[in-house]
Asker: 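The structure follows.
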Amino acid sequence: MRNLLSPYAGIFFDLDGTLADTAPDLVAATNQLLVARNLKPKPYEFLRPYASAGARGLLEGAFGISPDHADFTLLRDEFFSNYEKALLVESKLFDDMSHLLDQMDQAKLPWGIVTNKSERFTNPLTELMGLHQRAISTVSGDTTPYSKPHPEPILHAARMAKVDPTKSLYVGDDIRDVLAGKAAGMKTVAAAYGYCGCKEPPEAWGADYIVNKPLELLQIIFPNRE
C-alpha cells in the first residue's frame with residue numbers, strides 16, 4: 001500500500017484488550033491468589049472479561065468482592081506483586097495489530113496509548129513489548145489526576161502528540177473508553193474483539209464504529225487505501 005492517507009490527525013488506543021491481549025498474565029496473577037489460599041483456580045474463559053476492569057474486576061470475578069470489602073486491599077496488593085513479576089509471559093499484541101501499527105508508522109500518523117493501568121505496570125510492559133518506544137504518547141491511569149471515563153487522560157495524550165482531539169480517533173474495548181473518547185471530542189471505535197467486561201454490549205456503547213478484529217481498523221483509519 002502506498003500513499004496511505006488518513007482523515008485523522010492522531011489515533012489513540014486503550015492498552016489491555018485493545019492493543020494487547022494481556023488477559024493471560026492478568027488471569028494467571030489472579031489465580032495465584034486462589035491457589036495460595038487452597039482454592040480452585042478459575043477458568044481463563046470465565047475471568048477474561050473481568051480483565052477489562054483490572055484488579056478491581058479480577059478480584060470481583062475470583063473472590064466475589066468489591067473495593068469496600070475488608071480483604072480487598074490485601075488481595076489487590078498481592079495481585080499487583082504477582083503481576084509485576086510476570087508482566088510479559090503470555091501477553092502479546094492482538095493478531096494483525098503489529099501490521100496496523102506498521103501502516104500508521106509508514107504513513108507518519110501519530111498514535112498513542114491511553115490506559116487506566118497504573119504507570120507502575122504500563123511503562124515496563126509497553127517498553128518490553130516495544131510499544132513505548134514507538135507511541136508518541138503513553139498515558140496511564142495515574143499520569144493525570146483522572147482516569148477514564150474522564151476525558152482528561154485522552155486530552156493529555158493528544159496534547160503530548162500535538163494533535164487536535166476533534167480530528168482524532170480513540171479505540172477501546174469498554175464503554176468507559178467510548179465515553180472518555182466522546183467527551184474528549186474524538187471519534188470512537190468499540191473493539192468488540194477485546195474483553196468487553198461491562199454489562200452493556202458494544203452495540204450499546206454509542207461508538208461511531210464497531211470492529212470485530214483489529215484488521216478492520218485499517219479501513220477506518222485509511223478509508224481510501226489502495
Asker: Do D142 and R120 come close enough that some side-chain heavy atom pair is under 4.5 Å?
Answerer: no
Asker: Can you see which heavy atom on D25 is nearest to which on E90, and at what distance?
Answerer: OD1-N, 3.0 Å
Asker: Verify whether the ring centers belonging to Y170 and F13 lie closer than 6.0 Å.
Answerer: no
Asker: Would you say the side-chain atoms of T144 pair up with the backbone N or O of E152, donor to acceptor, closer than 3.5 Å?
Answerer: no
Asker: Can you hop from F80 to L26 via hydrophobic side chains spaced under 4.5 Å?
Answerer: yes
Asker: Looking only at non-hydrogen atoms, find the nearest pair between I210 and P202 and report the distance.
Answerer: CD1-O, 3.9 Å
Asker: Is it the case that the side chain of E200 and the backbone of A204 share a donor-acceptor pair, with hydrogens and angles ignored and the cut-off at 3.5 Å?
Answerer: no
Asker: Roughly how far, to the nearest 0.5 Å, is CE of M186 from CG of D177?
Answerer: 12.0 Å
Asker: Kindly indicate, with the supporting measurements, whether the criterion salt bridge (charged side-chain N to carboxylate O under 4.0 Å, His left out) is fulfilled by K213 and D96.
Answerer: CA-CA 8 Å; K213 52 186 178 181; D96 298 315; over 6 Å; no
Asker: Could you check if a side-chain atom of V171 sits within less than 4.5 angstrom of a side-chain atom of D14, using non-hydrogen atoms only?
Answerer: no
Asker: Looking at R159 and D164, is there a salt bridge between them, counting it only when a charged N and a carboxylate O are closer than 4.0 Å?
Answerer: no
Asker: In Å and rounded to the nearest 0.5 Å, what is the NZ to NZ distance from K167 to K187?
Answerer: 13.5 Å
Asker: How far does CG of L125 sit from CG of L15, to the nearest 0.5 angstrom?
Answerer: 6.0 Å
Asker: Run the side-chain contact (heavy atoms from CB on, under 4.5 Å) check on S137 and H156 step by step: do they pass?
Answerer: CA-CA 9 Å; S137 51; H156 184 64; over 6 Å; no
Asker: What is the distance from atom OG of S81 to atom CZ of R76, rounded to the nearest 0.5 Å?
Answerer: 13.0 Å
Asker: So, do K182 and V178 sit near enough that their side-chain heavy atoms are less than 4.5 Å apart?
Answerer: yes
Asker: Under a plain distance cut-off of 3.5 Å, with no hydrogens placed, do E60 and S66 share a side-chain donor-acceptor pair?
Answerer: no
Asker: Hey, is the main chain of A28 close enough, under 3.5 Å, to the side chain of N31 for a donor-acceptor pair?
Answerer: no
Asker: So if you build clusters from Ile, Leu, Val, Met, Phe, Trp, Tyr with side-chain heavy-atom gaps below 4.5 Å, do V189 and L215 land together?
Answerer: yes
Asker: What orientation do F121 and Y83 show, parallel under 30°, tilted 30 to 60°, or perpendicular over 60°?
Answerer: tilted
Asker: May I have the step-by-step check of side-chain contact (heavy atoms from CB on, under 4.5 Å) for T30 and F79, ending in yes or no?
Answerer: CA-CA 6 Å; T30 307; F79 166 81; 3.3 Å; yes
Asker: Search all heavy atoms of G197 against all heavy atoms of S52 and return the closest pair with its distance.
Answerer: N-CB, 3.9 Å
Asker: Testing the basics here: between L58 and A51, what is the closest heavy-atom pair and its distance to 0.1 Å?
Answerer: CD2-N, 3.9 Å
Asker: Hydrophobic cluster membership, with links at side-chain heavy-atom distances under 4.5 Å among I/L/V/M/F/W/Y: are L217 and L101 in one?
Answerer: yes
Asker: With a 3.5 Å distance limit and no angle check, can you tell me whether S147 reaches the backbone of N116 through a side-chain donor-acceptor pair?
Answerer: no
Asker: Tell me, do N212 and Y193 make a side-chain contact under 4.5 Å, heavy atoms counted?
Answerer: no
Asker: Is it the case that the side chains of S91 and T22 hold a donor-acceptor pair, with the cut-off being a distance below 3.5 Å and no angle test?
Answerer: no
Asker: When you compare the side chain of L93 with that of D21, does any pair of heavy atoms fall below 4.5 Å?
Answerer: no
Asker: Check whether M129 and V139 end up in the same hydrophobic cluster, where Ile, Leu, Val, Met, Phe, Trp and Tyr are linked by side-chain heavy atoms less than 4.5 Å apart.
Answerer: no
Asker: Using side-chain contact (heavy atoms from CB on, under 4.5 Å), reason through L169 and I221 one step at a time and then give a plain yes or no.
Answerer: CA-CA 8 Å; L169 186 75; I221 296 170; 4.0 Å; yes
Asker: Output the distance between atom CD (E119) and atom OG1 (T126), rounded to the nearest 0.5 Å.
Answerer: 10.0 Å
Asker: Group every Ile, Leu, Val, Met, Phe, Trp and Tyr by side-chain heavy-atom contacts under 4.5 Å, then state whether W205 and I154 land in the same group.
Answerer: no
Asker: Counting C-beta onward and ignoring hydrogens, is there a side-chain heavy-atom pair between F63 and L39 closer than 4.5 Å?
Answerer: yes
Asker: Are Y146 and L155 packed together at the side-chain level, in the sense that at least one heavy-atom pair is separated by less than 4.5 angstrom?
Answerer: no
Asker: Test salt bridge (charged side-chain N to carboxylate O under 4.0 Å, His left out) on R134 and D102 and set out the steps.
Answerer: CA-CA 10 Å; R134 298 172 66 183; D102 287 344; 3.1 Å; yes
Asker: Does a side chain donor of either D105 or W111 reach within less than 3.5 Å of an acceptor in the other side chain?
Answerer: yes
Asker: Do L100 and L218 come close enough that some side-chain heavy atom pair is under 4.5 Å?
Answerer: yes
Asker: Do you know which two heavy atoms are closest between P214 and D95, and how far apart they sit?
Answerer: CG-O, 3.4 Å
Asker: Within the distance-only criterion (no hydrogens, no angle test), does the side chain of Q133 pair as donor or acceptor with the backbone N or O of E127 below 3.5 angstrom?
Answerer: yes
Asker: Return the minimal non-hydrogen interatomic distance between F12 and A158, and the atom names on each side.
Answerer: CZ-CA, 3.8 Å
Asker: Apply side-chain contact (heavy atoms from CB on, under 4.5 Å) to residues L19 and F94 and explain how you reach the verdict.
Answerer: CA-CA 6 Å; L19 260 184; F94 279 103; over 6 Å; no
Asker: Nearest 0.5 Å, what's the CG-CE distance between L131 and M97?
Answerer: 10.0 Å
